[in-house]
**Student:** 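One structure follows; several queries about it will come next.
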There are 2 protein chains.
Amino acid sequence: MPERLTIKDIARLSGVGKSTVSRVLNNESGVSEKTRERVEAVMHQQGFSPSRSARAMRGQSDKVVAIIVTRLDSLSENLAVQTMLPLFYEQGYDPIMLESQFSPERVEEHLRVMRLRHIDGIVLFGFTGINESVLAGWRDSLVLLARDAPGLASVCYDDNGAIALLMQQLYQQGHRHISFLGAPHSDTTTGLRRHQAYLDSCEHYQIPPCAALPGLGMQQGYDYIAGVLTPATTALVCATDMLAIGASKYLQEQHITHLQLASVGNTPLVRFLHPEIITVDPGYNEAGRQAARQLIDQINHQQSPRQIVITARLAPPITTG
Amino acid sequence: MPERLTIKDIARLSGVGKSTVSRVLNNESGVSEKTRERVEAVMHQQGFSPSRSARAMRGQSDKVVAIIVTRLDSLSENLAVQTMLPLFYEQGYDPIMLESQFSPERVEEHLRVMRLRHIDGIVLFGFTGINESVLAGWRDSLVLLARDAPGLASVCYDDNGAIALLMQQLYQQGHRHISFLGAPHSDTTTGLRRHQAYLDSCEHYQIPPCAALPGLGMQQGYDYIAGVLTPATTALVCATDMLAIGASKYLQEQHITHLQLASVGNTPLVRFLHPEIITVDPGYNEAGRQAARQLIDQINHQQSPRQIVITARLAPPITTG
DNA sequence: CTGTTAGCGCTTTCAT
DNA sequence: ATGAAAGCGCTAACAG
């Protein structure tokens, strides 16, 4: 273990006082160009880096944020986390990850622990069942993802826009009997809003609605697709990519090839397995970016909680070649 | 912001000195039962929790470990990370996550940053191209996953055993013409070792080898399976689950149904999409557990670097019903 | 058993 | 423009 250098050492080596080193470290004004350069040279040459803990102790903040995902292997959440990580690092925050496994209790437990750790902020991927009152205490240092709650900062996907885009696309392609596979209304965003958007589009295009709301996993898609297929059905909209994958599996097994699938969630897996599915990209990457930015701004009191909605975009068709 | 309490406050509130509080906090002996209880009562009642940074400053360690995954959406790595997170938290370590994206340069960059941050330890998911000399400086505080390197702690999968299990299973089922899809030998474990194990099994069972080593992704499986199918082929072993998914897609499209697939990597996705595939579980969960344990032990100087191999196990066939 | 006293590495007055 | 000194919250001798 090479003994760690401290600003004291740097001060000695560059023939200045501790405070000057500190000033250089923090890019404060009031240091002559010459001194600054000299100190910087020594720091660089010695590969010096200040102790995080000591700095944290003086300031208020530990510069740590928590990211609570539902599951590590959620493809959509992965895409969001992927973009926020670099942002946090860039701003000097250590992002630590936690899994809620869709359990509200686990969320509460994590929040409790994070509270004790005096963490600076939290990005929480929302899901059905989270008690909003639990989040109240985090008003100023929490950003909710994929869900919104009154008084809390949130980054949401444009559920309505996403479904509308799919429906419009299908309608333009001549489909007049479009079914829907979604999640129960207890799930406000993915469940209720997307279903409502479907119904709205049906009305708008004069399409007879035909929907089932089993949930958002592969298995549900597989198990429940049969229930929404009528002899007239020519297309099926799925609220999530996982539903679509499950549905596709069923269709393959039944050798049903005439059905056009469409789904929200432009993940790499779907694009590979089923490039023929029309997908809408809810903007996972962008959501991650926005969430990180919002949280950082909130921590720095440069921004108060606000609700952000990410615009959905039709994914370009895949050109096989 | 409620002003944070310090041990000083707790000391005052419970009418003892700071050090006594500190002793209680650290479960040190030499405190009368009465005092301890009183202090603990106050701490609990006030919801007190000590400042991490202050403690870190006194001790040597920040209690932070980094987990460098190749990609956030790697299913196998997810399974490993899933089990290590709780262990790290339990031991008071903050696990922070980083993505290497299979770029050796990014790994070096991350290591550089982590060095500056005076992190306690690192779990690194290995891949082809990492320069081992870069890791030399981390001998005592790094655990390599899915790869091994001389002098470094590592947790590896039993490549040989995994393939042998699959081959044995297939042979027992009567297959005599088994092809193989793998990765190039530049990838020492997934590539070279699994291929070698395949060849060994072939020799052992007197099976004519027929292999291609395009890589480990879905697309490669899809693109290269045709090259290893002869009229006699009745089974195909894939070095990874993703290869198998790609291969399956091809088979479906070509309406080839007589081929038995087998693969390493018992991930939920494969089990759902293709329960008919015979899979071996390399022990991702166990690998995560072992890696975390090993790293923690190393940090605490209770263990020197050693190479751990996880035993592979045949996944139970899925009972549909 | 318990309180007092030094610091840990850094930031922040306050002098100079 | 720069240094000296006083802490931040905690732990670790050292006295009682």
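The chains referred to below are lettered A, B, ... by the order of the sequence lines, with proteins before strands, and numbering in each begins at 1.
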**Student:** Would you please name every residue forming a ring pair (Phe, Tyr, Trp, His ring centres under 6.0 Å) with Phe125(A), sequence neighbours left out?
**Tutor:**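 Partners of Phe125(A) by the ring pair (Phe, Tyr, Trp, His ring centres under 6.0 Å) criterion come out as none, since no residue qualifies.
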**Student:** Enumerate donor-acceptor pairs with a distance under 3.5 Å from any side-chain N or O in residues 138-149 of chain B to protein atoms, sequence neighbours excluded.
**Tutor:**
residue	atom	partner	partner atom	Å
Arg147(B)	NH1	Asp187(B)	OD1	3.3
Arg147(B)	NH2	Asp187(B)	OD1	3.2
Arg147(B)	NH2	Thr189(B)	OG1	3.2
Asp148(B)	OD1	Arg193(B)	NH2	3.0
Asp148(B)	OD2	Arg193(B)	NH2	3.2

**Student:** Indicate whether the side chain of Asn285(A) and that of Thr83(A) have a donor and an acceptor atom separated by less than 3.5 Å.
**Tutor:**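 Looking only at side-chain atoms, Thr83(A) and Asn285(A) do not form any donor-acceptor pair under 3.5 Å.
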**Student:** Angle between the two end axes of the helix from dC1(C)-dG16(D) to dT16(C)-dA1(D), five base pairs per end, rounded to 10 degrees?
**Tutor:**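 Between the first-five-pair axis and the last-five-pair axis there is 40°.
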**Student:** Please collect all side chain to side chain donor-acceptor pair (under 3.5 Å) contacts where either partner lies in residues 290-299 of chain A, sequence neighbours excluded, each pair once.
**Tutor:**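 Passing the test, one end in residues 290-299 of chain A: Glu286(A)-Gln290(A), Gln294(A)-Gln298(A), Gln294(A)-Arg306(A).
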**Student:** side-chain hydrogen bond (donor to acceptor under 3.5 Å, both in side chains) with Arg112(A): which of Glu108(A), Glu109(A), His110(A)?
**Tutor:**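 Only one of Glu108(A), Glu109(A), His110(A) forms a side-chain hydrogen bond (donor to acceptor under 3.5 Å, both in side chains) with Arg112(A), namely Glu109(A).
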**Student:** Start with the C-alpha distance between Phe48(A) and Ile7(A), add both sets of side-chain angles, then the distance that settles side-chain contact (heavy atoms from CB on, under 4.5 Å), and finish with yes or no.
**Tutor:** CA-CA 8 Å; Phe48(A) 167 80; Ile7(A) 51 168; 3.8 Å; yes
**Student:** Walking along DNA chain C from 5' to 3', note the first and the last nucleotide with an atom under 4.0 Å from a heavy atom of chain B, and give both.
**Tutor:**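 Result: dC1(C) to dG9(C).
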**Student:** Could you grab the distance from atom CD1 of Ile67(A) to atom CE of Met97(B), nearest 0.5 Å is fine?
**Tutor:**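 Going from CD1 on Ile67(A) over to CE on Met97(B), the span is 8.5 Å.
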**Student:** Taking side-chain hydrogen bond (donor to acceptor under 3.5 Å, both in side chains) as the criterion, tell me which of Ser49(B), Ser53(B), Ser51(B) meets it with His118(A).
**Tutor:**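 Per the side-chain hydrogen bond (donor to acceptor under 3.5 Å, both in side chains) rule, the option paired with His118(A) is Ser49(B), out of Ser49(B), Ser53(B), Ser51(B).
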**Student:** I'd like to know if the side chain of Glu77(B) and the backbone of Thr70(B) have a donor-acceptor N/O pair within less than 3.5 Å.
**Tutor:**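 Checked: pair present.
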**Student:** Could you verify whether a donor N or O on one side chain and an acceptor N or O on the other, from Gln101(A) and Ser103(A), lie under 3.5 Å apart?
**Tutor:**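 There is no such pair between these side chains.
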**Student:** In the 5'-to-3' direction, what one-character label does each nucleotide of nucleotides 9-16 of chain D receive under the scheme B = base within less than 4.0 Å of a protein heavy atom, S = sugar-phosphate only, - = no such atom?
**Tutor:** BBBBBB--
